[in-house]
Amino acid sequence: MSKGITPMSEDYSAWYNDIVLKAELADYAPVKGCMVIRPYGYAIWENIQRIMDGMIKETGAQNAYFPLLIPESFMQREAEHVEGFAPECAVVTHGGGKKLEEPLMVRPTSETIICAMFARWIQSWRDLPFMVNQWANIVRWEMRPRLVLRTTEFLWQEGHTCHATREDALEEALKMLEVYRNFAENYLAMPVLTGRKSASEKFAGAAETYPIEAMMQDGKALQAGTSHLLSQDFAKAFNIQFQDRDGTLKYVWLTSWGITTRLIGALVMVHSDDRGLVLPPKIAPTHVVIIPIVKKDADNARVMEVCGNIKEGLSGDISVLLDSRDQYTPGWKFNEWEQKGVPIRIEMGPRDLESNSVVICRRDTGEKKPYPVDEIETVVDKLLEEIQTNLFERAKKFLVENTHDLDSYDKMKEIL
RNA sequence: CGGGGCGUAGCUCAGGCUGGUUAGAGUGCUUGCUUUGGGAGCAAGAUGUCGCCGGUUCGAAUCCGCCCGCCCCGACCA
């Protein structure tokens with residue numbers, strides 16, 4: 001039916017790649033491991049950004065921007081950090097036609113350069129807490145890249161905060177973990193498990209790492225966001241000190257937290273099916289697509305007029321697209337927009353004109369029913385809510401059914 | 001870095017074993033007409049350093065050697 005999408009059951013990786021490419025989320029770039037985020041994929045990222053940016057600002061953090069290039073010596077100041085990131089750093093050795101005196105790292109994350117600035121900006125307990133966030137691109141030379149999920153360059157948001165005490169910093173780290181959980185579950189309709197990473201899985205240089213983990217339809221977990229309480233070594237390495245109320249100099253306690261374009265890949269793997277992408281309404285660039293059905297000897301002008309009216313009526317809080325392209329048949333468009341995961345499709349043709357109704361099809365269940373024209377707005381609002389809820393419940397059920405408490409190795413083998 | 005697969009038209013691929021004039025198909029694209037309720041039909045048309053370099057040969061997409069690149073699985077990771 002859907003041309004060119006490998007069934008999930010046949011080859012999960014091929015299915016995933018097909019969806020990303022067919023839904024026009026991203027494409028392979030000329031450089032290995034790099035991707036081009038196409039307009040449709042970028043529109044999803046913009047929605048993620050817009051919502052997350054609001055939530056971050058709500059917590060008191062402000063946006064700023066730090067440079068892409070970091071002196072190599074900065075990366076080396078915190079032992080665990082350099083050990084963790086050095087192997088996957090891209091290094092600039094030449095600039096302006098000359099060899100540089102000190103090589104520059106393309107940021108794999110910005111703790112070091114931000115800490116260097118914190119040291120200049122923070123003097124007193126009155127300066128704390130200090131909270132910044134940046135939306136940026138970063139580069140990590142991973143051994144094996146994967147489209148959208150693990151690309152050499154990716155986009156993210158990284159928040160960095162300074163606190164007077166370990167307790168304050170831990171509270172911040174856990175607060176952001178909760179922000180991420182809330183965002184994943186209530187906007188992406190992606191149920192997650194939160195927890196604490198083991199010593200070997202921690203962020204390089206963190207005292208504690210708290211992730212949100214989502215479950216993909218192959219039953220595997222995917223880290224979808226992290227919040228770290230950093231080790232005190234960062235503050236010491238960069239000499240970020242403040243004078244406390246009692247007059248003594250103390251090192252600050254740092255946190256950092258981030259979500260990335262990987263979330264788009266996670267969305268694909270949590271909700272989509274063999275027909276293509278499935279998007280939760282709250283993150284979908286287009287909520288409703290209207291397909292006019294024109295026919296020979298029919299009142300096509302009237303069909304187009306009604307379609308236009310429906311679009312007018314719905315537009316406002318939601319994004320509506322009227323697909324009036326005449327080089328494609330309705331069937332072609334049905335497939336096209338299903339591949340792209342548009343939550344609701346409205347079909348309007350001569351038959352509907354007669355009965356003063358439209359056919360509405362929802363992407364999550366495929367259910368297709370006629371509704372009177374003057375009920376469209378109420379029905380669409382209700383359906384969008386239902387789809388959002390249904391996607392979450394469906395994913396939640398899958399997660400619960402495929403999560404097991406383990407008390408022995410034998411039990412694990414049995415389940416696998 | 002180890003294992004597997006693959007590089008020929010925008011895309012998916014055939015051809016290669018057995019070398020031989022103008023390298024094919026499907027799909028997509030352009031134009032025209034007819035169509036349009038689940039990827040429409042007919043007709044005409046445009047489109048190629050056969051991944052790179054070298055070798056064998058009168059002659060290489062095809063045989064030989066080297067190199068490069070990409071995808072999948074693993075180690076690494078958001």
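No hydrogens, no waters, no symmetry mates; every other heavy atom, side chains included, goes into these values. We name chains A, B, ... by the order of the sequence lines, and we start the count at 1 in each one.
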Seminar exercise, completed: With the side chain defined as heavy atoms from C-beta on, R351(A) is closest, among A75(B), G74(B), G37(B), to G37(B)
Problem set entry | Residue E338(A), side-chain atoms from C-beta onward, closest of C76(B), G38(B), U36(B) | G38(B)
For this session: Could you work out the separation of C50(B) and A14(B) based on their C1' atoms and round it to a whole Å?
Result: 13 Å
Exercise. How long is the line joining CE of M348(A) and C1' of U36(B), in whole Å?
Worked result: 15 Å
Exercise. If pairing requires Watson-Crick or G-U wobble contacts with both distances under 3.5 Å, which nucleotide is the partner of C13(B)?
Worked result: G24(B)
Problem set entry | Euclidean distance, atom CG of residue N335(A) to atom C1' of A40(B) [Å, nearest integer] | 13 Å
For this session: For L149(A), answer base if it contacts any base atom (sugar-phosphate contacts may also be present), sugar-phosphate if it contacts only those atoms, and nothing otherwise; contact means non-hydrogen atoms under 4.0 Å.
Result: base
For this session: Identify, between S200(A) and D11(A), the residue whose nearest nucleotide on RNA chain B lies closer to the 5' end.
Result: D11(A)
Exercise. Please walk me through it: do M190(A) and F392(A) pass side-chain contact (heavy atoms from CB on, under 4.5 Å)?
Worked result: CA-CA 6 Å; M190(A) 184 189 295; F392(A) 178 78; over 6 Å; no
Problem set entry | Interatomic distance, M143(A) CE vs C72(B) P [rounded to whole Å] | 17 Å
Exercise. Do NZ/NE/NH1/NH2 and the carboxylate oxygens of E24(A) and K340(A) come within less than 4.0 Å?
Worked result: yes
Seminar exercise, completed: Using Watson-Crick geometry (N1-N3 plus N6-O4 or O6-N4) or G-U wobble (N1-O2, O6-N3), each under 3.5 Å, C50(B) is paired with none
Exercise. Using a cut-off of less than 4.0 Å, is there contact between a side-chain N or O of R144(A) and OP1 or OP2 of G74(B)?
Worked result: yes
Exercise. When you measure from the side chain of F334(A), which nucleotide among A40(B), C77(B), G38(B) comes out closest?
Worked result: G38(B)
For this session: Sort out the partner of A61(B) for me: Watson-Crick or G-U wobble, both distances under 3.5 Å, none otherwise.
Result: none
Exercise. Side chains of T161(A) and T255(A): do they bring a donor and an acceptor to under 3.5 Å?
Worked result: yes
For this session: For T151(A), answer base if it contacts any base atom (sugar-phosphate contacts may also be present), sugar-phosphate if it contacts only those atoms, and nothing otherwise; contact means non-hydrogen atoms under 4.0 Å.
Result: base
Problem set entry | Closest nucleotide among G39(B), G37(B), A75(B) to the E347(A) side chain | G37(B)
Exercise. Where the side chain of R146(A) is concerned, which of C71(B), C72(B), G39(B) is the nearest nucleotide?
Worked result: C72(B)
Exercise. Do I318(A) and T286(A) come close enough that some side-chain heavy atom pair is under 4.5 Å?
Worked result: no
Problem set entry | Value in whole Å for how far the P atom of U27(B) lies from CH2 of W332(A) | 15 Å
Exercise. Contact class for K333(A) vs. all strands (heavy atom < 4.0 Å): base, sugar-phosphate, or nothing?
Worked result: nothing
Exercise. Taking atom P in both G51(B) and G10(B), what distance in whole Å separates the two?
Worked result: 13 Å
For this session: Could you give the distance separating A9(B) and A61(B) at their C1' atoms, to the nearest angstrom?
Result: 14 Å
For this session: State which residue, out of R345(A), R362(A), R363(A), K333(A), fulfils the salt bridge (charged side-chain N to carboxylate O under 4.0 Å, His left out) condition with E338(A).
Result: R345(A)
Exercise. If we call it a pair only when both distances are under 3.5 Å in a Watson-Crick or G-U wobble match, what pairs with C1(B)?
Worked result: G74(B)
Problem set entry | Donor-acceptor side-chain pairing of E142(A) and T152(A) below 3.5 angstrom | no
Problem set entry | Interatomic distance at C1', U47(B) relative to A23(B), whole Å | 14 Å
Exercise. Paired with G69(B): which nucleotide, if any, by Watson-Crick or G-U wobble criteria at under 3.5 Å for both distances?
Worked result: C6(B)
Exercise. What does E142(A) touch in the nucleic acid at a heavy-atom separation under 4.0 angstrom: a base, only the sugar-phosphate, or nothing?
Worked result: base
Problem set entry | Short side-chain N/O contact to C71(B) OP1/OP2 from N17(A), under 4.0 Å | no
Exercise. Do Q339(A) and G39(B) have a side chain to base donor-acceptor pair shorter than 3.5 Å?
Worked result: yes
Exercise. When all nucleic acid strands are considered with a 4.0 Å heavy-atom cut-off, which category describes F154(A): base, sugar-phosphate, or nothing?
Worked result: base
Problem set entry | Among C72(B), G37(B), C77(B), the nucleotide that comes nearest once only the side chain of Y28(A) is considered | C72(B)
Exercise. Do E213(A) and K197(A) meet the salt-bridge criterion of a basic N to acidic O distance under 4.0 Å?
Worked result: yes
For this session: Please report, rounded to the nearest Å, how far the P atom of G37(B) is from the CD1 atom of I293(A).
Result: 8 Å
For this session: Answer yes or no: side-chain N or O of R345(A) and base N or O of G38(B) forming a donor-acceptor pair under 3.5 Å.
Result: yes
Exercise. Picking from C71(B), G38(B), C29(B), which would you name as closest to the side chain of Y328(A)?
Worked result: C29(B)
Exercise. Expressed in angstrom and rounded to an integer, what is the separation of D326(A) atom CG from U31(B) atom P?
Worked result: 12 Å
Exercise. Distance between the P atoms of C64(B) and A46(B), in whole angstroms?
Worked result: 36 Å
For this session: Using the C1' atoms only, state how far G54(B) lies from C42(B), rounded to an integer number of Å.
Result: 50 Å
For this session: Give one of base, sugar-phosphate or nothing for K296(A), where a contact means two heavy atoms less than 4.0 Å apart.
Result: sugar-phosphate
Exercise. Any Lys/Arg nitrogen of E393(A) or K397(A) sitting under 4.0 Å from an Asp/Glu carboxylate oxygen of the other?
Worked result: no
Exercise. Do the side-chain N or O atoms of S13(A) get closer than 4.0 angstrom to the phosphate oxygens (OP1, OP2) of C72(B)?
Worked result: no
Exercise. Which whole-number value in Å describes the distance from L222(A) CG to C77(B) C1'?
Worked result: 11 Å
Exercise. Contact class for K368(A) vs. all strands (heavy atom < 4.0 Å): base, sugar-phosphate, or nothing?
Worked result: base
Problem set entry | Minimum-distance nucleotide (side-chain atoms of C361(A) versus G38(B), G39(B), C76(B)) | G38(B)
For this session: Between G38(B), G39(B), U36(B), spot the one nearest the side chain of R275(A), thanks.
Result: G38(B)
Exercise. Looking at F130(A) versus H163(A), is the centre-to-centre ring distance below 6.0 Å?
Worked result: no
Exercise. Base, sugar-phosphate, or nothing for P211(A), non-hydrogen atoms under 4.0 angstrom?
Worked result: nothing
Exercise. If you look at every strand shown and take non-hydrogen atoms under 4.0 Å, does D352(A) touch a base, only sugar-phosphate, or nothing?
Worked result: base
For this session: For G4(B) versus C77(B), give the span between their P atoms, rounded off to a whole number of Å.
Result: 26 Å
For this session: Counting Watson-Crick and G-U wobble pairs only, both distances under 3.5 Å, name the nucleotide matched with C33(B), or none.
Result: G41(B)
Exercise. Taking the C1' atom of each, how far is G28(B) from A40(B), in whole Å?
Worked result: 15 Å
Exercise. For the pair made of NZ in K32(A) and P in C68(B), what is the distance, rounded to whole Å?
Worked result: 13 Å
